[in-house]
Amino acid sequence: MEEIWRHLMDKEIKNVGIFGMGGIGKTTIMTHINNRLIEENKFDHVIWVTVSQTLDLVEVQNGIANSLKKHLSSIKDQKARAENEALELFFEKAELDISKVPTLKEIAELVVKQCAGLPLAIVTIASSLKGEEDIREWRNALSELTNKVRSIKVRDDEVFVRLKFSFDRLKDEKIQRCFLYCALYPEDHDIPKTELVDYWIAEGLVEEMDNLQATEDRAHIMIKRLVNNCLLLESINRRERSCVKVHDVVRDMVLRYITSESPLFMVKAGLKLEELPSGRHWKENLDKVSLMNNFISEIPSSMSPKCPILSTLFLQYNPLESIPESFFSQMHGLMILNLSGTEIKSLPNSISELTSLTALLLNNCYRLKQIPSLAKLQALQILDLGFTAMNEVPTGMEMLTNLTNLDLYSTELHNIPAGIFPKLCRLQKLVINWGLETERVAVEEAARLKNLDSVKVQFRNLQDFNCYVKFFSSHGGPNEYQLFLCPKDVGTDWSSSFNVNKKVIIDGCDICGREEKDCIILPKDVEFLWLLFCEDVSNISGIPTFNTLERLEYLWVASLHNLTVLLNLSESTPPDQYSHLKGVHVYFCSEVKKLFCSKLLLELKNLEWIDVYNCPKMEELITIDGDDDNEERSQKEFLLPKLKRLSLRSMPELKNICSSNGVMVCDSLQEIAIHGCPQLKRLPLYLPVDEIGQPSPPPALQKIAVTREWWEALEWDHLHPHAKTLLLPFCKFD
């Protein structure tokens with residue numbers, strides 16, 4: 001019984017089934033579970049329904065309705081009883097207030113009847129009519145749906161034909177073609193939105209705007225429309241990237257009813273194939289082929305599919321080792337070719353003749369060392385050579401004048417010659433690793449590209465970093481950048497979980513040199529700054545150009561072993577220097593004793609998160625300034641109006657959060673986590689009181705994560721006598 005109970009309390013588990021031979025105790029144990037659920041009031045409704053072997057659907061419906069205190073006694077027809085709820089669901093998804101347009105009710109009921117009680121059909125069809133109030137549009141929709149339903153010949157097609165109606169209702173060929181792209185992925189696959197957007201733009205399905213950001217925004221609006229029409233579902237993948245997925249029934253509908261003739265797709269993604277489909281599957285009128293996520297290791301040497309209108313070929317994430325010269329020779333219409341994550345060492349020369357190619361994706365082909373000339377591929381917009389083994393740029397790259405997206409992040413690429421970037425004047429997205437042998441002039445050329453909208457760059461030395469920042473700041477810089485200064489090799493998906501566009505990460509470099517040329521130049525508009533192993537930093541506020549930062553939101557420092565104080569105020573500190581700061585994170589700083597002074601709190605009015613971990617000499621987070629000793633308010637109340645999270649871990653010397661008699665006024669505080677701080681004896685929370693002096697917890701507080709031992713040892717003399725009892729319900733003991 002306890003095992004069943006644990007499953008019921010697990011939010012991730014939606015169904016629990018119990019089976020066993022007659023008389024073994026299934027009903028008895030479920031009776032106990034039922035009674036316990038009612039006693040503990042865990043759910044709004046607990047419904048007990050017995051379904052006998054001779055099914056009486058009316059009795060089942062009555063049982064459910066009675067538990068919900070609803071009455072169906074006057075409704076005799078089984079379908080009419082169900083689930084009224086179908087009509088309510090339809091009105092909800094159609095965003096239709098029937099009281100305002102009563103003339104539509106009768107037609108809506110007929111549309112729902114055609115949905116045959118199928119929830120997926122109800123949701124998608126209702127969404128396709130969202131906000132529509134023109135009765136002629138509704139009559140036309142009902143007529144189209146009725147005709148489609150009447151044409152059904154095979155019973156299995158009942159759901160599909162209703163779903164296809166929602167697809168037809170899009171009434172925009174480009175957005176329909178965009179949706180069909182999603183069927184190229186394996187069943188139940190999380191599809192990154194950014195990936196879809198790149199494909200759609202490369203195939204010309206999104207109207208080109210003045211800049212890439214505007215074009216991408218337009219594509220995201222198209223995704224939102226497909227989600228609103230319930231043809232796509234929002235999802236988040238394991239890397240916390242924003243994704244969509246296609247319901248498996250909707251995907252089946254696309255493959256069986258829309259892409260089985262014209263356009264013709266061949267989709268065998270994620271089916272564990274070990275061999276490429278044979279020649280008979282490669283029909284001449286194929287438009288798109290997806291063989292991604294399989295176990296295909298070779299392509300027959302004589303294979304040369306005649307597919308002149310094939311526009312998209314997905315072969316990514318197969319252990320493919322080589323591609324025969326003849327394979328692409330009859331695919332002259334190919335626009336998008338994805339070979340990412342394969343084990344190819346080279347590409348056939350026939351690649352050079354694919355003059356319609358707009359996207360060539362070779363990311364994470366870790367054995368790829370060379371590719372043939374790209375000089376003829378002047379339609380190419382996206383070239384992804386990230387994480388390959390290439391040690392020089394491809395021949396003819398300077399001819400790719402239509403290139404908008406370029407990924408050259410390769411640890412083997414030591415030198416990028418001058419003269420290439422000025423030719424790539426349309427480039428808007430750049431990912432690159434500047435090798436140690438790169439000519440400084442090439443860095444300057446890349447920094448001068450005025451159309452760049454998004455940049456991810458790793459620099460191996462301070463001089464290249466400063467050169468780049470100096471030149472790109474001269475014309476405003478891109479809307480999004482990630483600049484990484486680090487001598488060693490790293491990946492490019494840095495700090496992706498933070499919703500900011502402008503990031504600088506410095507790892508293992510001295511940045512506070514005695515001479516100006518040895519001092520770092522930070523971009524003024526940086527929003528996220530992460531410093532690791534910078535041995536010459538003793539005070540963050542003392543870093544050259546730090547006082548010029550105007551938009552800093554997140555400050556992360558880790559393993560700065562000479563750091564003694566995080567931030568302070570001086571005469572040179574500009575007004576509102578820290579007013580944008582939302583998060584402060586300090587890890588593994590062995591010498592730091594305090595974070596900031598009390599005067600600085602006036603600047604930290606937007607601070608939301610303080611996170612300090614493994615700083616063995618930390619004694620106090622907020623210290624009182626000498627000038628504040630006689631100020632009553634400064635001694636007692638420390639205002640952090642927007643602080644939401646306070647996390648303090650592994651600090652054996654920490655004695656105070658904010659002086660021995662101070663309290664923190666944090667009306668937005670949601671979560672406190674304190675572990676490994678044995679000398680911290682006070683939790684200095686300000687408790688608001690009502691007009692008769694009764695205290696209450698901080699209004700937003702949700703959780704206090706501590707050990708029971710630490711909690712029991714706390715001293716509460718500075719708070720209300722009942723503070724401990726008042727806060728106890730928020731405690732989550734480890």
Side-chain angles (χ1 to χ4, degrees), residues 177 180-187 189 199 202-203 246 251-365 367-368 370-374 376-377 379-380:
R177 289 171 61 193
L180 296 182
Y181 239 96
C182 302
L184 296 175
Y185 289 84
E187 186 174 303
H189 190 85
Y199 287 140
E203 196 159 308
V246 191
R251 180 176 179 272
D252 288 346
M253 177 272 294
V254 169
L255 297 179
R256 288 179 59 175
Y257 281 87
I258 302 177
T259 63
S260 58
E261 292 183 4
S262 180
L264 178 62
F265 287 13
M266 177 168 62
V267 180
K268 298 180 183 292
L271 298 182
K272 301 183 179 179
L273 300 182
E274 295 184 0
E275 296 181 351
L276 200 76
S278 61
R280 65 184 180 85
H281 292 92
W282 296 81
K283 300 187 183 301
E284 197 166 339
N285 60 333
L286 268 175
D287 180 38
K288 290 179 172 52
V289 171
S290 177
L291 301 170
M292 65 182 288
N293 294 41
N294 280 302
F295 299 105
I296 301 168
S297 59
E298 64 176 347
I299 297 174
S301 59
S302 61
M303 194 160 192
S304 179
K306 188 177 182 181
C307 301
I309 64 169
L310 183 66
S311 64
T312 301
L313 177 57
F314 284 180
L315 285 169
Q316 64 265 39
Y317 303 109
N318 280 286
L320 192 62
E321 296 182 359
S322 63
I323 301 174
E325 189 64 45
S326 61
F327 186 68
F328 297 118
S329 61
Q330 300 188 78
M331 298 181 183
H332 294 297
L334 197 60
M335 298 177 69
I336 296 174
L337 175 60
N338 195 336
L339 294 165
S340 299
T342 58
E343 298 183 13
I344 54 175
K345 297 178 181 178
S346 61
L347 289 177
N349 290 327
S350 53
I351 282 281
S352 299
E353 304 301 322
L354 297 178
T355 55
S356 298
L357 212 59
T358 56
L360 178 58
L361 308 172
L362 301 163
N363 191 278
N364 208 27
C365 292
R367 300 175 70 184
L368 182 64
Q370 59 180 12
I371 61 177
S373 173
L374 302 179
K376 294 183 180 179
L377 306 188
L380 206 61

Inset, instruction - Compute whether any side-chain donor of one residue and acceptor of the other, for Ser346 and Gln370, lie under 3.5 angstrom apart. - result: no
Legend entry - Partner residues of Glu275 under the salt bridge (Lys or Arg N to Asp or Glu O under 4.0 Å) criterion, sequence neighbours left out: none
Inset, instruction - Indicate the atoms forming the closest heavy-atom contact of Pro324 with Pro300, along with that distance. - result: CG-O, 3.4 Å
Inset, instruction - May I ask you to check whether over 12 heavy atoms, not counting those of Gln330, lie within 6.0 Å of atom CD? - result: yes
Inset, instruction - Report the relative orientation of the aromatic rings in Tyr199 and Phe314; use parallel for angles under 30°, tilted for 30 to 60°, perpendicular for over 60°. - result: tilted
Inset, instruction - Supply the atom-to-atom distance Ile351 CD1 to Leu362 CG, rounded to the nearest 0.5 angstrom. - result: 7.5 Å
Inset, instruction - Evaluate the criterion side chain to side chain contact (heavy atoms under 4.5 Å, CB included) for residue pair Ile344 and Cys365; output intermediate values, then yes/no. - result: CA-CA 7 Å; Ile344 54 175; Cys365 292; 4.3 Å; yes
Inset, instruction - Can you sort out the partners of Ser311 under side-chain hydrogen bond (donor to acceptor under 3.5 Å, both in side chains), two or more places apart, ordered by chain and number? - result: Asp287, Lys288
Legend entry - Spacing of Ser290 atom OG and Asn338 atom CG [to the nearest 0.5 Å]: 9.0 Å
Inset, instruction - Can you sort out the partners of His281 under side-chain hydrogen bond (donor to acceptor under 3.5 Å, both in side chains), two or more places apart, ordered by chain and number? - result: Ser278
Inset, instruction - Search all heavy atoms of Leu339 against all heavy atoms of Thr342 and return the closest pair with its distance. - result: O-OG1, 2.7 Å
Legend entry - Distance, nearest 0.5 Å, that separates CG of Leu291 from CD1 of Ile299: 9.0 Å
Inset, instruction - Any side chain to side chain donor-acceptor pair (under 3.5 Å) involving residues 314-325? Give me the pairs, sequence neighbours left out, ordered by first then second residue. - result: none
Inset, instruction - Spell out, as yes or no, whether a donor-acceptor pair under 3.5 Å connects the side chain of Trp282 to the backbone of Met303. - result: no
Legend entry - Phe327 vs Met331, side chain to side chain contact (heavy atoms under 4.5 Å, CB included): CA-CA, chis, key distance, verdict: CA-CA 8 Å; Phe327 186 68; Met331 298 181 183; 4.0 Å; yes
Inset, instruction - Applying side-chain contact (heavy atoms from CB on, under 4.5 Å), name anything that partners Glu284, two or more places apart in sequence or on another chain. - result: Lys306, Pro308
Inset, instruction - With rounding to the nearest 0.5 Å, note down the distance linking CG in Leu334 to CD1 in Ile309. - result: 12.0 Å
Legend entry - Interatomic spacing from CG in Leu357 to CG in Leu337 - rounded to 0.5 Å: 6.0 Å
Inset, instruction - Kindly compute the distance separating CD1 (Ile258) from CE (Met253), expressed to the nearest 0.5 Å. - result: 4.5 Å
Legend entry - Stepwise side chain to side chain contact (heavy atoms under 4.5 Å, CB included) check, Leu380 with Leu360: CA-CA 8 Å; Leu380 206 61; Leu360 178 58; 4.1 Å; yes
Legend entry - Glu343: salt bridge (Lys or Arg N to Asp or Glu O under 4.0 Å) partners, not counting sequence neighbours: Arg367
Inset, instruction - Apply salt bridge (Lys or Arg N to Asp or Glu O under 4.0 Å) to Lys283 and list each qualifying residue two or more places apart in sequence or on a separate chain. - result: none
Inset, instruction - State which residues pass side-chain hydrogen bond (donor to acceptor under 3.5 Å, both in side chains) with Tyr181; sequence neighbours excluded, sorted by chain then number. - result: Glu203, Thr312
Inset, instruction - Could you list all the side chain to side chain donor-acceptor pair (under 3.5 Å) pairs where at least one residue sits in residues 350-361, not counting sequence neighbours? - result: Glu353-Lys376
In residues 261-269, what donor-acceptor pairs under 3.5 Å come from side-chain atoms, sequence neighbours left out?
none

Inset, instruction - Name all residues meeting the side-chain hydrogen bond (donor to acceptor under 3.5 Å, both in side chains) criterion together with Asn363; count only those two or more places apart in sequence or in a different chain, and write none if there are none. - result: Asp384
Legend entry - By side-chain contact (heavy atoms from CB on, under 4.5 Å) - contacts of Ser301 (at least two apart): none
Legend entry - Gly270 backbone acceptor or donor facing Asn293 side chain under 3.5 Å: no
Inset, instruction - Answer whether the closest heavy-atom distance between the side chains of Leu313 and Phe328 falls below 4.5 Å. - result: yes
